[in-house]
2 protein chains.
Amino acid sequence: MKHVTIKDVAKRLNVSVSSVSRAFNDKYDIKKETKELILRTAKEMGYHPNPIARKLMQQKSYNIGVVVPEFINEFFSETIIGIQDVLISKGYQVLIMQSNEHYENELMNVKTLSDNMVDGLIVSLSRETHNTEFYLKLLAEGYPIIFFNRINDSLPASKVIFNDFKWSFFATEHLIKQGFKKIYHLSGQNHLSLAKNRMKGFQKAIEKYDMSPEENRVIETGLLMDEGDKITQELIDNQDLPEAFSCVNDPVALGAMRALKRNKIKIPEEVGVVGFTETRLADLVDPSLTSVKQPTYEIGKTTAELLLKQINNGFKTPETVSLDGQLNIRASSVRKTIA
Amino acid sequence: MKHVTIKDVAKRLNVSVSSVSRAFNDKYDIKKETKELILRTAKEMGYHPNPIARKLMQQKSYNIGVVVPEFINEFFSETIIGIQDVLISKGYQVLIMQSNEHYENELMNVKTLSDNMVDGLIVSLSRETHNTEFYLKLLAEGYPIIFFNRINDSLPASKVIFNDFKWSFFATEHLIKQGFKKIYHLSGQNHLSLAKNRMKGFQKAIEKYDMSPEENRVIETGLLMDEGDKITQELIDNQDLPEAFSCVNDPVALGAMRALKRNKIKIPEEVGVVGFTETRLADLVDPSLTSVKQPTYEIGKTTAELLLKQINNGFKTPETVSLDGQLNIRASSVRKTIA
DNA sequence: CTGTTAGCGCCTTCAG
DNA sequence: CTGAAGGCGCTAACAG
């Protein structure tokens with residue numbers, strides 16, 4: 001438990017502590033043999049530099065804070081893996097905190113982390129976060145922060161996002177090409193840029209194929225399975241069912257499917273469904289769910305790389321990286337008989 | 001970006017640094033008014049103690065390392081939340097690493113963490129880990145380590161485990177009470193104590209209800225969905241289908257269900273299924289899956305508390321805490337018509 | 001190439 | 001109750 005220090009090694013070899021230090025930091029001149037000797041005996045003695053002392057000197061914590069809404073969700077855990085892979089390989093440690101979608105928790109987490117002197121921050125905003133004052137203050141101080149996925153357009157920081165517009169367009173286009181005539185978009189709350197963009201992608205596809213925007217409309221639903229279920233049930237009750245649903249995310253799509261199945265409505269024969277941001281669930285449900293796959297690992301990796309760049313080179317002008325995904329077509333949206 | 005230090009505060013108030021330090025550490029005598037004055041102006045100036053310097057003094061990192069096989073899996077992410085909740089509230093930071101089920105990664109992670117002077121370690125062993133030498137060495141040095149879930153019985157350390165035997169017994173008993181006559185246990189590899197215990201729980205139930213151990217047998221399957229699917233398909237092909245499956249975990253159960261559904265065999269009317277270690281999936285699949293719920297959050301919490309106790313009070317004798325769960329009965333195992 | 005010295009920011013005796 | 005001084009382990013000038 002007692003740690004060997006640089007002094008112990010120096011004493012043992014009758015050299016100065018600086019020599020030992022130098023042996024462990026290539027950047028200084030030191031005779032090859034002494035260096036090797038030091039390294040060897042240091043290893044024998046079980047010495048290795050105390051990272052905390054080093055951090056104190058360098059005024060760097062080599063800690064990076066990550067704040068996400070949650071990490072039960074596959075999307076975020078996969079992203080975190082990407083973040084960690086990059087950061088750990090560069091000698092950083094990653095401190096992960098979750099806001100549970102609450103602004104207060106998020107703020108507290110960010111404060112805790114900055115109080116702990118993390119060298120940078122990676123943040124995905126909670127659903128509740130409208131007040132971005134604290135981020136603005138940190139950014140003004142030059143604190144490196146990168147946002148991903150749940151972003152706020154107005155923050156002057158670098159961001160990594162998914163091209164929601166484009167892929168929602170493709171998902172909708174796929175439904176149209178499958179011959180579905182009347183399509184509703186079950187959307188998320190409009191203040192989330194992610195939801196807004198998916199909605200716009202849907203509308204763009206409707207427009208492009210000269211379909212009526214009144215008949216192919218948007219219904220604000222939410223992000224949860226129960227919300228998708230509830231809205232779908234209402235549509236069924238009102239005899240207002242479309243031929244297909246383009247959904248803001250997989251939970252809403254699964255909710256819609258649950259309601260449809262409960263009412264013995266066949267998927268995709270009677271109603272087609274596509275989701276967004278697929279999880280492994282997409283393959284497991286019956287019928288399997290067509291969904292847009294986001295490059296989760298890449299998102300994390302890119303975010304971390306952007307952060308490192310900013311830490312090392314200083315803050316230039318914010319850049320926004322937009323990544324692409326893929327549409328995985330499965331049973332829920334493929335008509336057995338195409339008209 | 002530039003941090004206010006204890007000196008700045010001292011200078012501003014014309015007091016000594018020690019007074020400022022004392023103001024921030026209740027344990028010393030200091031006049032109430034000066035303390036308040038210091039605290040107030042410190043706050044104004046945006047000062048707060050540099051945790052790194054503090055750590056250097058106290059020879060503590062206030063970091064805890066957590067190594068798990070993975071955290072895409074709900075089980076582990078939920079456990080980690082329990083761990084974090086306890087540890088963060090006590091001023092610790094949690095460094096999470098994953099082994100991806102590989103011994104080498106696990107070893108590297110543990111080394112990285114101990115090199116970074118974590119004050120303690122929480123570990124869930126990878127599937128591959130047979131060699132426990134490094135843990136033995138650390139434990140011998142008095143390094144606080146707690147193991148959970150994936151443990152190795154022979155390690156002289158405290159552990160938090162789930163009572164697999166008992167709950168597998170209950171799951172099987174439930175099937176028996178539902179009137180299923182011929183039950184197979186789809187088990188995991190036998191070298192995992194977790195799989196072994198679930199198998200034994202199954203056998204115990206069969207024994208208790210005087211059912212034939214030849215007819216109600218164990219089939220070594222694995223832990224993956226595809227393995228459950230494959231074995232079930234083989235049983236169907238060989239006309240050797242039981243009336244019910246007790247499965248080592250949910251993926252295997254879901255695999256079995258997939259094979260059954262593909263072959264138009266009705267669940268639970270023709271074949272009942274129960275899983276183990278339920279995920280949110282259990283509720284989503286059709287029919288919903290009966291499974292044993294583990295107290296994931298509690299497991300994490302208990303593990304963290306055990307670790308803190310050991311850090312604060314020193315290592316006494318190892319203790320093993322065994323937690324209980326609950327059997328969530330759903331459609332997959334409930335016979336519409338009970339004999 | 002190597003040793004000496006002065007901190008990094010804080011805590012903690014030891015005097016007073 | 002308060003100040004001065006030493007040191008946690010390491011790095012970075014500065015001499016030599």
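Treat the numbers as computed from the prediction; the structure is a model and nothing was measured.
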Participant: Quick check on B:K309: does its NZ atom have over 12 non-hydrogen neighbours (other residues, nucleotides or ligands) under 6.0 Å away?
Facilitator: no
Participant: Report yes if a side-chain nitrogen or oxygen of A:T5 is closer than 4.0 Å to either non-bridging phosphate oxygen (OP1 or OP2) of D:dC8; otherwise report no.
Facilitator: no
Participant: Work out how much the helix from C:dC1-D:dG16 to C:dG16-D:dC1 bends between its end axes, five pairs an end, to the nearest 10 degrees.
Facilitator: 50°
Participant: When the distance from CE of B:M57 to C1' of D:dC10 is rounded to whole Å, what number comes out?
Facilitator: 15 Å
Participant: Starting at atom CD1 of A:I6, determine the distance to atom P of D:dC10, rounded to an integer number of angstrom.
Facilitator: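 So the CD1-P distance, A:I6 to D:dC10, works out to 5 Å.
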Participant: Please answer whether the main-chain N or O of A:L155 pairs with a side-chain N or O of A:K159 as donor and acceptor at a distance below 3.5 Å.
Facilitator: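 Checked: pair present.
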Participant: Which residue pairs pass the ring pair (Phe, Tyr, Trp, His ring centres under 6.0 Å) test with at least one member in residues 78-126 of chain A, sequence neighbours excluded?
Facilitator: A:Y62-A:Y92
Participant: Does OP1 or OP2 of C:dC11 have a side-chain N or O of B:N25 closer than 4.0 Å?
Facilitator: yes
Participant: When the distance from NZ of B:K55 to P of C:dC8 is rounded to whole Å, what number comes out?
Facilitator: 20 Å
Participant: Between C:dC8 atom P and A:M117 atom CE, what is the distance in whole Å?
Facilitator: 13 Å
Participant: Hey, is A:E101 close enough to A:R150 for a salt bridge, meaning N to O under 4.0 Å?
Facilitator: yes
Participant: Rounded off to whole Å, could you give me the CG-to-C1' distance for the B:L56 and C:dG7 pair?
Facilitator: 13 Å
Participant: It should be established whether A:T34 places a side-chain nitrogen or oxygen under 4.0 Å from OP1 or OP2 of nucleotide C:dC1.
Facilitator: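 So the side-chain polar atoms of A:T34 never come under 4.0 Å of the phosphate oxygens OP1 or OP2 of C:dC1.
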Participant: Mind running a 4.0 Å heavy-atom check of residues 7-18 of chain B against DNA chain C and sending the residues that fall below it, in number order?
Facilitator: B:K7, B:S18
Participant: Under 3.5 Å, which donor-acceptor pairs link side chains of residues 300-308 of chain A to any protein atom two or more places apart or in another chain?
Facilitator:
residue : atom : partner : partner atom : Å
A:T302  : OG1  : A:E298  : O            : 2.6
A:T303  : OG1  : A:I299  : O            : 2.5

Participant: Do any side-chain atoms of residues 38-45 of chain B form donor-acceptor pairs under 3.5 angstrom with protein atoms, and if so which ones, sequence neighbours left out?
Facilitator:
residue : atom : partner : partner atom : Å
B:T41   : OG1  : B:L37   : O            : 3.0
B:T41   : OG1  : B:I38   : O            : 3.2

Participant: Using whole Å, what does the distance between atom P of nucleotide C:dC1 and atom CD of A:E33 come to?
Facilitator: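 Nearest whole value for this atom pair: 10 Å.
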Participant: Say whether, by atom type as modelled, one donor and one acceptor occur between the side chain of A:S61 and the main chain of A:M117 under 3.5 angstrom.
Facilitator: yes
Participant: With ring pair (Phe, Tyr, Trp, His ring centres under 6.0 Å) as the rule and sequence neighbours excluded, what pairs involving residues 106-139 of chain B come up?
Facilitator: B:H130-B:H191, B:Y135-B:F147
Participant: Is B:R54 near enough to C:dC11 that one of its side-chain N or O atoms lies under 4.0 angstrom from OP1 or OP2?
Facilitator: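 Answer yes for this pair, as a side-chain N or O of B:R54 is under 4.0 Å from OP1 or OP2.
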Participant: Does A:N50 or B:S19 map to a spot on DNA chain D nearer the 5' end, using the closest nucleotide for each?
Facilitator: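 Whichever sits nearer the 5' end wins; that is B:S19.
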Participant: Would you tell me if any nitrogen or oxygen in the side chain of A:Q59 comes within less than 4.0 Å of OP1 or OP2 on C:dG9?
Facilitator: yes
Participant: Would you say B:E106's side chain and B:S126's backbone share a donor-acceptor pair under 3.5 angstrom?
Facilitator: yes
Participant: Rounded to the nearest angstrom, tell me the gap between atom OH in A:Y62 and atom C1' in D:dT11.
Facilitator: 12 Å
Participant: Check the distance between C:dT12's P and B:Q58's CD and give it to me in whole angstrom.
Facilitator: 7 Å
